[in-house]
There are 2 protein chains.
Amino acid sequence: MDLRHLRYFIAVAEEENIGRAAARLHISQPPLTRQIQQLEDELGVRLFTRTPKGMELTQAGELFLAEARNIRAVVEQATERAQRAGQGKLGRLDVAIFGSAILDAIPKLLLTFRKAYPDVKIVLHTMTKAEQIEALRQRRITVGFNRMLAPQPDLATELVATEPLLLAINENHPLARETNIPFRMLAEHPMVLFPTGARPSFIDKVMGLCQEAGFVPKVSQEVGDAVTGVALVASGFGICLVPESVTTLTLPGVVFRPLQDAPAQAWVDLSCIYRADDQSPILAAFLETARLFRQHKQNEDGAIIATGTESWVADI
Amino acid sequence: MDLRHLRYFIAVAEEENIGRAAARLHISQPPLTRQIQQLEDELGVRLFTRTPKGMELTQAGELFLAEARNIRAVVEQATERAQRAGQGKLGRLDVAIFGSAILDAIPKLLLTFRKAYPDVKIVLHTMTKAEQIEALRQRRITVGFNRMLAPQPDLATELVATEPLLLAINENHPLARETNIPFRMLAEHPMVLFPTGARPSFIDKVMGLCQEAGFVPKVSQEVGDAVTGVALVASGFGICLVPESVTTLTLPGVVFRPLQDAPAQAWVDLSCIYRADDQSPILAAFLETARLFRQHKQNEDGAIIATGTESWVADI
DNA sequence: AACGTCAATACCTTCAGGGTATGGTGTCGG
DNA sequence: CCGACACCATACCCTGAAGGTATTGACGTT
């Protein structure tokens, strides 16, 4: 049996007349007669009673008509779903994020993507950088978010956002009196660094910047993530350099200050990482969304920094 | 797209290798390659990524595999259901019965049929003889049960059961003292007749028998159906000839007596009636069941009459 | 009786599906 | 580094099934 047989059968059942059905199907009458006979033979069932007026469905035919229509609908739906999946509009995207990445850019990007591709199910996984790379290789995730990604032969990265570094200080800290803090002033104060774990990491970024500014920072404590770092600042452990997005996290006693005279590299990247060989249309769609998102964000950046500055003023 | 494409696609998806899939499908590898390409072209979607190890499903392919399996199952089920419907094993049978027909043979026959064809939905309609004929012509019912059916050009009948006539008498009636009542003794006693309505009917049967026995019955009352007739007997309105199956209906004060010297025709038929042009396999199956049922019943008849007689003895 | 309207049959034609042979590409062991 | 191997893809031929035209057969209608 063939889908053609079903199409023909439905036409004949609806027209109750082979000639008219044949016209509707744009074929001539005899082949249609034959196809119907074939279908009946194959099923071993009379689907029609032939009357001088035309073709009339038997009970079995009546039942099979309902089934045939159902099959037609199911097939149509299947092709349509496959096509949408092929365009990345339907399916599942497994995304890994690291601890404090939920703070700003990523949720907005995910929201944008979900708006554009509402039938793609986004599954979030929290993983460290090393876990993300491992999971990508095992195809357990499609894309991961991280900072400071070392290039990998089989993985590609895409820059999602760049953020300036801010200084998190306890409000009672001497530096908190300053509005704009020259970068070299950091040399004198114990500093909380993060994250421990896989290198290269944000720690290396900070160390590099200090080195460039001509000093080696006093390390007060190394911690696992930004949230813990800011928490230690709140308890008076020292100062801590953090990406701007961490400011969405407010802890009592902590204030954020921009850096003056900071080296040009005092910006930190947020990238996403994915398999270089992944041709999945969903990934392609996601990366495209990320690209658009970043452009959009850059256009807004002036505004963000302006309002940001205002809020620091208000903070003082 | 074709069911063949789906079959091939499923095979390739399962084997993850065109060569093996081709072997499984008993075709050679190149045509299978082509069919898969065709399917992909038609859908406009890559279903597989070609690796040096073989064929690997894409996300869209994964989804389409599930759909394809579903379609395969639906098609299988549809053909199977159509076949069963063609054998009369699936569908609906609209049956008409008359008032007191529920008393004996019909429910047993319907039960037998339902046991043999459990997926045929039996819908019961209560109709008079005239209504049944009308409903058959309009195809609102498939088969009707009745007695005394006059032959119709477009309708056929099938004898389902023959039953002897018994006499229903009030226990205080003088005849109740007799065990075997000669038929001619009925001449002297007022009689309840039924059913009123369409002729020929059971009334004509009774009148004919009396005429043959050489008398004209004294009519006490004409009523609509056997149940009412027996009820009148219970109230002392007179005697009433009834088919044997009515004895399943016990009313206080009513006893049933066999007839002695009854004419050979003192049996009444229960037949079913159906469209002569109805080719429905369900009807055929039902008529076949009715035939078997009747043969079976005839074989048992001796026993039934015997126990019947015993129960008359017990009744006295 | 003649005509009209169906479906069914006979016979031809075409093209899609299947076969064989071969090419192209990546992986693996020597 | 190279040949052997395992894949899939391509080229080309062949057969059979689907479609076309012409006609028959069955049945109602005028």
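Reckoned from all heavy atoms, side chains included, excluding hydrogens, waters and symmetry mates.
- Distance CD (Glu16(B)) to P (dA6(D)): 18 Å, rounded to an integer number of Å.
- Nearest heavy-atom pair, Arg20(B) versus Glu15(B), reported as atom, atom and distance to 0.1 Å: NH2-O, 2.7 Å.
- Taking only side-chain nitrogens and oxygens, Arg50(B) never comes nearer than 4.0 Å to OP1 or OP2 of dC7(D).
- The CZ atom of Arg4(A) sits 8 Å away from the C1' atom of dA17(D) (whole-angstrom rounding).
- Between Ile18(A) atom CD1 and dA26(D) atom C1' there is a gap of 14 Å when expressed in whole angstrom units.
- Remark: Arg114(A) CZ is loosely packed, at most 12 non-hydrogen atoms of other residues, nucleotides or ligands lying under 6.0 Å away.
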Identify every side-chain donor-acceptor pair in residues 67-75 of chain A under 3.5 Å, counting partners at least two apart or on other chains, and give the distances.
unit_1, atom_1, unit_2, atom_2, d
Glu67(A), OE2, Arg81(B), NE, 2.5
Arg69(A), NE, Glu14(A), OE2, 3.4
Arg69(A), NH2, Glu14(A), OE2, 2.9

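- The residue Phe48(B) sits apart from the nucleic acid: no heavy atom pair falls under 4.0 Å.
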Legend entry - Step-by-step side chain to side chain donor-acceptor pair (under 3.5 Å) determination, Gln87(B) to Gln83(B): CA-CA 6 Å; Gln87(B) 291 158 21; Gln83(B) 280 161 0; 5.7 Å; no

Identify all side-chain donor-acceptor contacts of residues 142-152 of chain A below 3.5 Å with residues at least two apart in sequence or on another chain.
unit_1, atom_1, unit_2, atom_2, d
Arg147(A), NH1, Glu163(A), OE2, 3.0
Arg147(A), NH2, Glu163(A), OE2, 3.3
Gln152(A), OE1, Arg137(A), NH2, 3.0

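- Residue Glu15(B) contributes atom CD, which lies 16 Å from atom C1' of dC8(D) at whole-angstrom precision.
- Protein atom CE of Met55(B) is 19 Å distant from nucleotide atom P of dA6(D), rounded to whole Å.
- Per the geometry, OH belonging to Tyr8(A) stands 16 Å off P belonging to dA17(D), to the nearest Å.
- When atom types are taken as modelled, the side chain of Asn17(B) and the backbone of Gly19(B) share a donor-acceptor pair closer than 3.5 angstrom.
- Checked against ring-ring contact (aromatic ring centres under 6.0 Å, His included), Phe202(B) has the following partners two or more places apart in sequence or in another chain: Phe194(B).
- Whole-Å rounding puts the Leu32(B) CG to dC8(D) P distance at 9 Å.
- Within the structure, the side chain to side chain donor-acceptor pair (under 3.5 Å) test picks out the following pairs touching residues 27-40 of chain A (sequence neighbours left out): His5(A)-Gln35(A), His5(A)-Gln38(A), Gln29(A)-Thr33(A), Glu40(A)-Arg50(A).
- Rounded to a whole Å, the CD atom of Gln38(A) is 8 Å from the C1' atom of dA18(D).
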Identify all pairs in which a protein N or O lies below 3.5 Å from an N or O of nucleotides 10-15 of chain D, and state each distance.
unit_1, atom_1, unit_2, atom_2, d
dT10(D), OP2, Gln37(B), NE2, 3.2

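- At a threshold of 4.0 angstrom between heavy atoms, the contacts of His5(A) with the nucleic acid are absent.
- First and last contacting nucleotides of DNA chain C toward chain B (any atom under 4.0 angstrom from a heavy atom, 5' to 3' order): dG17(C) to dT27(C).
- Ring-centre distance between Phe9(A) and Phe48(A): below the 6.0 Å cut-off.
- Nearest-nucleotide assignment on DNA chain C puts the 5′-proximal partner with Pro52(A), out of Pro52(B) and Pro52(A).
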